Every structure is written in C-alpha cells, then in structure tokens.
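Owing to the predicted nature of the structure, the values given are computational and were not obtained by experimental measurement.
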Amino acid sequence: MISRFFIERPRFAFVISIVITLAGLVAIFALPVAQYPNITPSQVSVSTTYPGADARTVQETVIQPLEAQINGVKDMLYISSNATDTGAATITVTFGIGTDGNVNTVNTQNRVNWASAQLPEEVRRQSVIVKEKSSNMLQVLAVYSPNGTYDSLFLSNYATINLKDEFTRIPGVGDVQILGELKYAMRIWLNPEKLVEYALNPSDIEAAISAQNAQISTGGLAQQPTDGKQQYSVTVSSASLLQTPEEFRNIFLKVQEDGSEVRLGDVARVEIGLQSYTALGTYEGKASSGMAIKLASGANALSTAEAVMNRVEELRPTFPEGVDVVIPFDTTPFVRAALHEVVKTLVE
C-alpha cells in the first residue's frame with residue numbers, strides 16, 4: 001500500500017529522498033566527537049626532589065612518609081611510586097573511573113600537607129608538586145639550534161621561560177612538560193684534600209652557604225610608632241642573595257690560628273653549570289630541548305594541535321637567531337585518517 005503510493009508518485013518520492021539526503025549532509029558536520037564517557041581512571045602525580053640523595057634514601061625519607069599519608073585518600077584505587085639515584089621522587093595515585101580530577105588533586109594535596117613536617121628540610125625547600133596527571137600525549141615540540149649556536153642548557157631555559165606558558169594557555173592543552181629539563185645552578189665542587197688541610201667537612205660548607213646566602217628583611221628608620229618629630233621615614237634595603245661565582249667564592253668559612261681567613265674559593269671550584277647532568281636532548285644531531293604537549297581531558301585533539309601549530313608560527317618571529325621549533329612527533333595524523341574513513345563510510 002505505502003510502496004504503491006510512492007511508485008505512482010515518483011516526483012514526490014524524489015523530493016523526500018533529496019530532503020533526507022540534505023539532512024544527512026548537514027548532520028555530518030554536527031556529529032559528536034565523543035559519544036561515550038571517559039573510561040580512563042583519573043591520576044594525580046606527586047613529585048619532588050631530594051638533591052644529592054640516592055634512590056634508597058629517597059624511598060625511606062621521602063616516599064614512605066608521603067605514601068603513609070596519601071594511602072586511603074577518597075576514591076583511590078591504588079598507588080605506585082618511583083625513586084631514582086638523581087634524588088627524584090614520583091608518586092602516582094590512581095582514582096576510580098568517573099571521579100573529578102580537580103577534587104582528587106585537592107584531596108591528595110591535603111594528605112601531602114599532613115606529611116610535610118616529616119620530610120627533610122631540603123625536600124621542603126624544593127617543594128612538593130601535586131597536579132593531575134595527563135597521559136594523553138598530543139605532540140612533542142623540539143626547540144633546537146640548526147646551526148649549533150646554542151647548547152641544550154640555553155634551549156631548555158628558553159623553552160621554560162618563553163614558550164611553556166604560551167602553550168599552556170592554549171585551550172585544550174592539559175599540561176606542557178619539558179623533557180629532560182635543564183636548569184642553571186651554582187655548582188660548588190669541593191676539593192677533599194683542601195678540606196682535610198683546613199680541617200673542614202661538607203656540613204661546614206653547607207652551613208656557611210646557608211647563613212651567608214640569605215635574603216634578610218631589615219625594616220626601616222623613623223617608621224611608626226614615633227614621637228612625631230621625624231619628617232621622613234626610610235626603608236632599609238639589605239644585600240640580596242648571592243648572584244655570581246665570585247660572590248660565592250668569597251663566602252667566609254673560618255679563621256686560621258695565624259689569623260688568615262679561609263674562603264669558599266680556597267677549598268672548592270665554583271661555577272655556573274647544570275642543576276642535573278642526567279639528560280641531554282638532540283634533534284638531527286643538534287642540541288635541542290623537547291616539549292611534550294598533553295591533551296586536556298575531553299579536549300578536541302585536532303583543534304588543539306592546530307592551535308599549537310598556529311601559536312608556533314606566531315611566536316617564530318620572536319625566536320633568537322639560530323633557534324627554531326619543529327614538531328617531530330604528532331598523534332593527529334592517525335585521528336585525521338580515522339575521521340576520513342568515517343566520512344567515507346557515511347558517503348558510501
């Protein structure tokens with residue numbers, strides 16, 4: 001009955017078919033990017049550094065106190081940790097599927113605060129970083145020097161200071177991680193023979209540096225409350241933290257029996273170098289620094305990757321001469337290929 005109705009009225013059937021086809025074409029551009037809920041458990045990373053400590057020391061003095069407090073946090077599934085001989089400590093807390101990552105981060109941070117009093121002073125000075133962990137790596141950017149003008153130390157610091165925040169602000173970017181991050185540090189290389197000669201030990205050096213490399217608040221003169229006779233008040237500024245190797249070499253250590261002074265430069269070599277020598281980056285044989293762009297939860301990979309590439313082109317004119325940025329690793333070609341097949345199937 002119904003089929004005969006359309007067979008006898010072919011023009012009417014053509015119109016309905018055309019309308020359905022046009023509606024399908026319009027619907028292609030409104031297809032949902034994600035139809036199903038996130039099935040990946042939420043993770044929170046707790047990381048810190050204990051300079052100079054080996055893996056066993058980090059495990060006993062840093063990870064164990066933190067794990068004891070973090071264990072049992074609300075909605076936690078399991079916890080894992082890692083310690084290295086470079087003094088790095090990382091704890092990964094995995095939470096139930098569907099839980100709020102922001103709430104999990106806050107709950108973990110509260111537990112870390114409970115354990116802060118049990119951590120070594122050096123660890124507290126380095127700070128304990130708690131943030132939601134994103135394992136979905138979208139791209140890796142390589143900041144490199146094509147003509148070898150700059151080394152990895154300069155490129156890593158340039159990426160950290162000038163580029164990392166720019167990419168972090170892009171909508172859809174969950175995190176930007178500097179791979180093998182290198183930082184400038186004042187390196188003090190002690191001479192054991194000189195220490196014995198002057199009857200000193202490393203703890204004496206550490207105490208002298210801590211005491212003489214400090215920022216002190218000195219207050220002011222003629223500030224309230226006063227008797228009212230002063231016409232001016234003056235803020236007193238003290239010397240800031242030591243900045244140059246020469247200033248560190250002049251740190252006073254002790255006075256010899258003959259009245260001579262022993263300075264840090266007498267027992268150590270002081271220079272500006274790397275904070276850690278555990279990693280160096282290269283790209284096509286040239287010094288480089290890697291930047292991992294991680295996708296935020298629920299973000300569109302294609303639009304985020306396009307925004308990152310557009311931002312690179314916007315920033316390119318500001319790069320120092322001899323510095324360039326390339327993208328050697330990108331996961332979006334697979335996504336584009338998958339979408340192409342979907343559209344092809346719909347057309348067929």
Side-chain angles (χ1 to χ4, degrees), residues 34 36-138 140 160 164 168 172-183 185 203 206 210 275-279 290-299 331:
Y36 301 103
N38 189 1
I39 61 174
T40 304
S42 171
Q43 291 184 328
V44 174
S45 172
V46 180
S47 59
T48 187
T49 304
Y50 192 175
D54 59 88
R56 181 174 181 179
T57 302
V58 173
Q59 177 69 30
E60 294 176 351
T61 63
V62 179
I63 291 181
Q64 288 183 3
L66 287 172
E67 283 188 341
Q69 297 296 340
I70 296 174
N71 190 30
V73 65
K74 184 179 179 181
D75 295 326
M76 187 192 83
L77 294 180
Y78 55 87
I79 186 172
S80 61
S81 60
N82 181 50
T84 68
D85 282 331
T86 61
T90 304
I91 299 175
T92 301
V93 188
T94 303
F95 294 86
I97 297 174
T99 56
D100 191 326
N102 293 327
V103 174
N104 296 337
T105 303
V106 172
N107 291 339
T108 305
Q109 178 68 68
N110 292 337
R111 296 297 187 101
V112 170
N113 292 339
W114 295 354
S116 61
Q118 305 174 41
L119 301 179
E121 178 63 28
E122 277 297 320
V123 174
R124 294 200 298 269
R125 190 178 303 169
Q126 296 287 328
S127 76
V128 181
I129 300 175
V130 181
K131 62 180 180 180
E132 187 176 5
K133 185 176 181 179
S134 175
S135 58
N136 190 1
M137 187 178 296
L138 178 66
V140 173
T160 301
K164 182 178 180 179
T168 302
V173 174
D175 188 25
V176 178
Q177 180 183 359
I178 305 296
L179 303 177
E181 184 175 5
L182 305 177
K183 296 180 180 179
S203 61
E206 182 180 1
S210 300
Q275 187 179 53
S276 174
Y277 289 85
T278 58
M291 300 178 62
I293 308 295
K294 297 186 177 182
L295 194 66
S297 178
T331 61

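- In this structure, Arg125 CZ and Ser210 OG are separated by 5.5 Å, a value rounded to the nearest 0.5 Å.
- With rounding to the nearest 0.5 angstrom, the CD1 atom of Ile293 is 7.0 Å from the OG1 atom of Thr168.
- Scanning all heavy atoms of the two residues, the minimum distance from Ser42 to Gly101 falls at OG-CA, 3.7 Å.
- Sorted by first and then second residue, the salt bridge (Lys or Arg N to Asp or Glu O under 4.0 Å) pairs with a member in residues 69-95 form an empty list; sequence neighbours excluded.
- The two atoms that bring Leu179 and Ala292 nearest to each other are CD2-CB, 4.0 Å, heavy atoms only.
- Looking at every heavy atom in both residues, Ser81 comes nearest to Ile91 through CB-CG1, 4.0 Å.
- Evaluation of the salt bridge (Lys or Arg N to Asp or Glu O under 4.0 Å) rule for Glu60 yields Arg56 as partners, not counting sequence neighbours.
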Step-by-step side-chain contact (heavy atoms from CB on, under 4.5 Å) determination, Thr84 to Val58
CA-CA 8 Å; Thr84 68; Val58 173; over 6 Å; no

Output side-chain donor-acceptor pairs under 3.5 Å for residues 92-100, partner residues at least two apart or in another chain, one line each.
{"from": "Thr94", "atom 1": "OG1", "to": "Gln43", "atom 2": "NE2", "distance (Å)": "3.4"}
{"from": "Thr99", "atom 1": "OG1", "to": "Gly96", "atom 2": "O", "distance (Å)": "2.7"}
{"from": "Thr99", "atom 1": "OG1", "to": "Asn104", "atom 2": "ND2", "distance (Å)": "3.0"}
{"from": "Asp100", "atom 1": "OD1", "to": "Asn102", "atom 2": "N", "distance (Å)": "2.9"}

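- Proximity of Met76 to Arg111: side-chain heavy atoms (C-beta onward) are nowhere separated by under 4.5 Å.
- Contacts of Ser80 classified as side chain to side chain donor-acceptor pair (under 3.5 Å), with partners at least two apart in sequence or in another chain: none.
- Considering only heavy atoms from C-beta on, Val128 stays 4.5 Å or farther from Ser116 through its side chain.
- Contact record, Ala55 with Ala83: O-CB, 3.7 Å, taken as the closest heavy-atom pair.
- Looking only at distances, no side-chain donor or acceptor of Ser47 sits under 3.5 Å from a matching main-chain atom of Thr90.
- Between the CD atom of Glu122 and the OG1 atom of Thr61 there is a distance of 11.5 Å, given to the nearest 0.5 Å.
- Atom CD1 of residue Ile79 and atom CG of residue Leu77 lie 12.0 Å apart, to the nearest 0.5 angstrom.
- The minimum heavy-atom distance between Ala115 and Gln69, with the atom names listed, is CB-CG, 3.5 Å.
- Note: Glu132 CD to Thr105 OG1 = 5.0 Å, rounded to the nearest 0.5 Å.
- In the model, Thr57 has a side-chain atom that pairs as donor or acceptor with a side-chain atom of Asp54 under 3.5 Å.
- Within the 4.5 Å cutoff, no side-chain heavy atoms of Gln126 are placed close to those of Val123.
- In terms of modelled atom types and a separation under 3.5 Å, the side chain of Thr48 and the main chain of Ser127 share a donor-acceptor contact.
- Of the inter-residue distances, the one linking Ile63 atom CD1 with Ile70 atom CD1 reads 10.0 Å to the nearest 0.5 angstrom.
- When the salt bridge (Lys or Arg N to Asp or Glu O under 4.0 Å) test is applied to Glu67, no partner is found at least two apart in sequence or on another chain.
- For the salt bridge (Lys or Arg N to Asp or Glu O under 4.0 Å) test, residues two or more places apart in sequence or in another chain that qualify with Lys131 are Asp175.
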